[in-house]
Amino acid sequence: MFHALLFEINAIHDYLFASGRLRDVAAASELLERLTRSKNDNGSENEDEDISLLDAVAKAAEINIGESNRLPRGEEVVFTRRAGGAFYAFSERPEPLRRLRDLWTLALQQAAPHLSFSLGVGEGEDLPAAFDAARAALRADNQQPRPHLPTAAPVAERSRRTGQAGVEFAKNAKDGVLDAAIARRKPFADLSAGSFLDRFSPEKAGLRWRDWPRNLEPEEDDRDGAFPFVGEARTVALIHADGNGLGLLLRRINEVVRKSPERFVKLYTQFSRLVENVTAEAARAATAEVLLPAREREGTPCLPARPILLGGDDILVLVRADLAMDYLQAFTRVFEAESAKQLDKLKGGNDIEDLPERLTLGAGLVYLRASQPFYLAMRLAESLITEAKRAAKDIIQDNPPSAVAFYRVTSSLVEDYDDLLDLT
């Protein structure tokens with residue numbers, strides 16, 4: 001008998017943009033990066049390096065983490081995925097997963113208040129059966145929203161940015177009272193020890209956290225961290241891209257592991273790493289091809305973009321408006337080419353037939369003024385992704401090409417593309 005524990009973050013974009021300040025968004029990106037991903041994922045054996053919350057919880061719960069290329073044995077716990085705000089854990093016995101689940105949920109709600117998440121636990125005669133049972137439980141749990149603590153009493157002062165109950169006063173008088181979620185992410189605004197931005201930085205470029213903007217406008221204590229606009233223009237573009245073809249790829253892997261359950265851990269781990277590596281490689285290439293030359297031409301302290309999310313095949317980045325389409329084209333071209341290489345390796349090494357030739361992207365791009373609310377732009381970008389994918393499937397149903405749908409906001413923001421069409 002095998003057991004599975006699945007964890008995923010819900011509404012991750014709402015959490016990222018809860019405050020609206022670019023510095024707070026950047027801090028939230030780093031905080032989420034440190035939940036499941038460790039610096040030791042790169043093979044480092046330095047015990048002094050920062051470890052993820054998941055590593056710390058596993059250590060405290062006395063979890064023995066097994067190798068990711070074979071089935072778990074005894075009390076071992078094996079992870080097939082631990083990135084993008086999610087992890088999938090498997091064990092031969094239920095006790096290690098129970099300890100992990102109980103301590104993880106406690107630690108997570110302390111580390112990232114107001115973060116919405118789902119958990120699923122399942123068991124089965126083999127790992128595919130345990131995964132299916134846990135996946136069903138995960139979907140059911142997604143329909144059960146958890147309350148955010150602390151709750152606000154009638155006399156409680158609320159955060160002016162989020163409306164949640166205040167828990168402390170900000171050092172900056174302009175921010176007023178902070179709620180628990182914003183207060184918890186403040187320590188991560190110092191990105192000097194961060195690792196999230198490394199996945200957008202070409203290896204030999206020597207980029208550090210100060211090379212990326214922290215504010216949309218100059219601040220007295222960090223004027224060099226302002227977003228490098230050109231002249232009086234204050235227009236940015238929010239790019240949200242999501243992969244096509246992953247469903248077909250997963251179906252092919254499922255067909256293999258149904259016949260050979262002992263290959264489950266190896267194949268799902270390879271799949272997770274493939275998607276992460278392809279997306280990160282495309283992000284680094286777009287930085288090298290578009291952002292670095294722009295900064296060199298203009299001589300600005302910061303690059304003209306701010307990465308916000310990179311999880312699986314999902315990427316979210318804020319780019320200066322005049323460079324947004326070039327950035328997206330560079331990202332897409334490398335994403336497709338790199339995925340073709342990685343899929344060839346996956347197919348050749350595992351005898352998996354009928355894989356897609358490459359992965360493609362559906363992208364939503366919203367042009368807006370820097371002063372407009374990003375959380376509404378985010379929802380509009382998600383709606384545009386749906387429109388882009390729909391148009392691409394009208395061309396080729398089984399293997400749609402990459403496509404982008406974009407919109408320039410000239411008045412008030414509307415968060416749904418269909419609603420925009422009704423208004424025009």
Chemist: Nearest 0.5 Å please: distance from the CG atom of Leu32 over to the CG atom of Leu310.
Modeler: 12.5 Å

Chemist: Under 4.0 Å between a side-chain nitrogen and a carboxylate oxygen: does that hold for Arg390 and Glu387?
Modeler: yes

Chemist: Against the six-membered ring of Phe79, is Arg82 placed for a cation-pi contact (under 6.0 Å from the centre, within 45° of the normal)?
Modeler: yes

Chemist: Using a 6.0 Å cut-off, check whether atom CZ of Arg101 has over 12 heavy atoms from anything other than its own residue.
Modeler: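 Buried by this count: over 12 neighbours within 6.0 Å.
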
Chemist: Sort and list the pairs that fulfil ring pair (Phe, Tyr, Trp, His ring centres under 6.0 Å) and have at least one residue in residues 266-297, not counting sequence neighbours.
Modeler: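 Matches after skipping sequence neighbours: Phe131-Tyr268, Phe264-Tyr268.
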
Chemist: Could you please spell out the steps behind the salt bridge (charged side-chain N to carboxylate O under 4.0 Å, His left out) verdict for Glu289 and Arg333?
Modeler: CA-CA 11 Å; Glu289 293 183 30; Arg333 183 179 66 255; 2.3 Å; yes

Chemist: Is the NZ or CZ atom of Arg234 both under 6.0 Å from the centre of the six-membered ring of Phe227 and within 45° of that ring's axis?
Modeler: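 Checked: cation-pi criterion not met.
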
Chemist: Suppose we call two aromatic rings close when their centres sit under 6.0 Å apart. Are Phe90 and Tyr88 close by that rule?
Modeler: no

Chemist: Any sub-3.5 Å donor-acceptor pair from Ser159's side-chain atoms to Gly166's backbone N or O?
Modeler: no

Chemist: Does a salt bridge link Arg284 with Glu281, judged by any charged N lying under 4.0 Å from a carboxylate O?
Modeler: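 Answer for the salt bridge query: yes.
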
Chemist: I'd like to know if Arg185 and Glu30 make a salt bridge, using a cut-off of under 4.0 Å between side-chain N and carboxylate O.
Modeler: no

Chemist: Give a yes or no on whether a salt bridge exists between Arg320 and Glu298, defined as a side-chain N under 4.0 angstrom from a carboxylate O.
Modeler: yes

